[in-house]
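Below is one structure, written out as structure tokens; comments come after it.
A note on names: the letters A, B, ... follow the listed sequences, proteins ahead of strands, and every chain is numbered from 1.
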Amino acid sequence: METTIILIQIVVGAALINNFVLHYFVGICPFLGVSRRLDTAFGMGCAVTFVISIAAFLSWTFTYFILRPEAPLPTWVWATLGGDPSVHVDLSVLSYIMYIFVIASSVQFVEMYVRKFFPPLYKSFGVFLPLITTNCAILFACLEIMKHLQDPTRLWGLPEAMALAMGGGIGFTLAMVLMAGIREELDLCDVPRPLRGAGIALIVAGIMAMAFMGFAGVDKGLETTLSSMLH
Amino acid sequence: MITLTSVTIILAAVILVVLAVVVAYILGWANRAFHVEVDPAVAKINEALPGANCGGCGYVGCLEYAEAVAASRAATTLCAPGGNACSQKLADILGIEAEQTEKQLAVVHCSATLDERLGLSAYDGEKTCAAANLVAGVQDCAYGCLGYGDCASACPYSAISIEKGLASVDRDKCLGCKKCITACPRGVISMVPFGAERTLAVICGNRDFGADVKSVCLTGCIGCKACAKLSEAIEMNGNLPVIDYDRLIPQGDLETVAAKCPMNALAVIGTPLNRPSFSGGATRDKRSRESVQVS
């Protein structure tokens with residue numbers, strides 16, 4: 001019960017309240033670059049959700065067993081070599097290089113897999129899949145997961161990490177689709193000449209971010225509603 | 001002596017090396033396991049195509065046409081810009097006999113410049129043929145060129161220009177992609193086979209009777225049948241001569257047939273172009289003389 005509430009809270013939190021794009025401003029590049037048409041924006045959102053889930057799974061595994069303080073692998077190595085058990089080997093310096101490595105290789109793998117087994121999907125993703133390698137929203141999700149594995153007393157399990165990734169991916173897709181819808185309508189509007197293109201897109205993004213600020217505080221209400229529903 | 005620093009460094013290096021090897025192995029395996037057979041002919045065919053992506057073949061781009069050709073779903077002759085040479089190359093790649101097609105170029109079936117059209121109204125609307133065509137009585141001839149240049153803007157090779165309100169095709173630039181045919185709301189343009197360097201074409205599209213044509217145009221075909229009597233390749237159909245290009249002998253005396261036309265609605269076109277840019281006060285007699293001389 002308790003874990004379900006926490007998972008729902010994480011998903012809603014990552015998708016709406018702390019939307020990756022509109023709250024943390026990560027993944028702005030595809031948000032502005034691929035949001036001209038609704039269908040491509042949705043495709044990009046789905047691709048990111050897919051890759052972010054895989055990357056979150058891998059990065060949680062690596063972080064939990066290798067990178068976090070008091071992780072099993074370095075502790076075991078240290079103990080085997082006869083080190084002082086009160087001191088811990090901390091490999092969290094490796095986190096960035098590991099995450100980049102994991103993201104890049106999983107994107108490669110996913111690309112090959114999709115190309116072989118889902119050719120139409122590969123055709124529609126085509127350009128976007130390799131672009132996701134450099135999507136900072138995914139690295140952000142990995143780092144967010146790492147943050148929750150720093151404190152050994154309150155560790156995130158795999159379900160929490162996956163919930164964050166899914167929520168983040170859904171939030172990213174939502175922001176992309178909303179932005180694409182607005183920009184498709186914007187094409188028909190009489191935008192002042194100096195603001196056309198990127199200018200008006202940035203203004204729209206800012207207003208959308210302000211609108212998403214309205215979700216702040218939803219988590220408290222959600223928590224009370226869910227717990228009253230479950231008990 | 002084992003220190004924390006040395007263990008951290010060595011452990012980090014070992015972990016990264018192991019990870020790199022494992023990932024390299026997985027990706028290498030995936031590359032082979034998920035290998036997609038790509039027909040090597042597709043790349044070759046795509047290279048042999050002009051790469052204009054004009055869409056004249058009916059496929060979205062050159063690559064899609066290349067895929068269709070490689071899968072034997074499309075004929076090798078569909079590429080108009082590439083012409084016979086391209087068709088030959090494609091056939092060589094596929095190892096089949098090349099079919100020869102006659103080059104087809106766009107011809108505007110109207111020869112009336114603005115001062116030769118009658119009943120022009122003061123049209124002040126959107127300057128496109130598609131819009132002007134919706135206006136009844138924008139000009140009296142319902143078959144002729146409107147001259148707002150929808151075809152010229154549709155042409156990817158800038159082969160069409162508007163001279164004196166009449167679309168004229170530069171057949172050195174035209175590659176036969178047929179974009180102008182779809183762009184013209186009146187169907188004034190069509191493709192004419194250019195087996196030889198020059199050919200005969202009817203440069204009027206008016207299907208009305210002679211008297212009606214004379215009331216709307218100074219140079220329209222009046223359906224006098226003079227050309228049909230002279231040449232076996234020409235038959236009359238709905239007050240207009242229709243040229244059977246299979247029977248037309250390109251080396252024949254096309255000029256005599258063209259000169260026979262009292263309205264200059266029949267012309268020898270091709271290189272050299274028969275239609276010189278006649279300036280201001282060119283008379284009809286002068287025009288017909290020029291057309292014979294040049295061609």
Side-chain angles (χ1 to χ4, degrees), chain A residues 54-55 58-59 61-63 65-123 126 129-130 133, chain B residues 1-43 45-46 49 51 53 55 57-74 126 128 131:
Chain A
I54 293 174
L58 290 172
S59 68
T61 316
F62 282 121
T63 315
F65 291 107
I66 300 172
L67 298 180
R68 75 187 167 94
E70 298 176 39
L73 181 71
T75 312
W76 175 76
V77 171
W78 182 239
T80 321
L81 292 173
D84 180 4
S86 63
V87 196
H88 292 287
V89 184
D90 188 1
L91 287 178
S92 40
V93 284
L94 286 180
S95 53
Y96 281 84
I97 193 169
M98 286 281 263
Y99 295 153
I100 295 287
F101 199 77
V102 160
I103 294 167
S105 48
S106 59
V107 166
Q108 284 289 315
F109 188 84
V110 165
E111 192 181 349
M112 284 189 249
Y113 183 80
V114 169
R115 187 174 178 200
K116 173 79 178 175
F117 295 106
F118 308 98
L121 197 68
Y122 178 76
K123 252 193 173 173
L129 265 178
T133 315
Chain B
M1 179 64 203
I2 306 156
T3 61
L4 185 67
T5 323
S6 61
V7 169
T8 309
I9 291 172
I10 291 166
L11 202 55
V14 168
I15 285 172
L16 281 182
V17 168
V18 168
L19 191 68
V21 169
V22 168
V23 167
Y25 187 78
I26 291 176
L27 286 181
W29 167 80
N31 198 16
R32 251 178 298 132
F34 301 150
H35 182 66
V36 181
E37 284 293 331
V38 183
D39 194 341
V42 173
I45 291 171
N46 195 35
L49 290 171
N53 291 318
C57 52
Y59 291 89
V60 173
C62 288
L63 185 61
E64 200 160 301
Y65 176 56
E67 280 168 5
V69 171
S72 304
R73 276 185 284 123
E126 180 88 357
T128 66

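Here the CG atom belonging to B:Leu11 is positioned 8.5 Å from the CD1 atom belonging to A:Ile66, to the nearest 0.5 angstrom.
Contacts of A:Phe109 with chain B are made by both backbone and side-chain atoms, with heavy-atom separations under 4.5 Å. Contact of A:Val89 with chain B is made through backbone and side chain together, with heavy-atom distances under 4.5 Å.
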Just distance, no hydrogens or angles: give the donor-acceptor pairs under 3.5 Å from side chains in residues 90-98 of chain A, sequence neighbours left out.
unit_1, atom_1, unit_2, atom_2, d
A:Asp90, OD1, A:Ser92, N, 3.1
A:Asp90, OD1, A:Ser92, OG, 2.7
A:Asp90, OD2, A:Ser92, OG, 3.2
A:Ser95, OG, A:Ser92, O, 2.8

Check: residues 12-31 of chain B side-chain donor-acceptor pairs under 3.5 Å, at least two apart:
none

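Of the possible polar contacts, one joining the A:Lys116 side chain to the B:His35 backbone as a donor-acceptor pair under 3.5 Å is found.
B:Leu4 is listed as a side-chain neighbour of A:Trp78, based on a closest heavy-atom distance under 4.5 Å.
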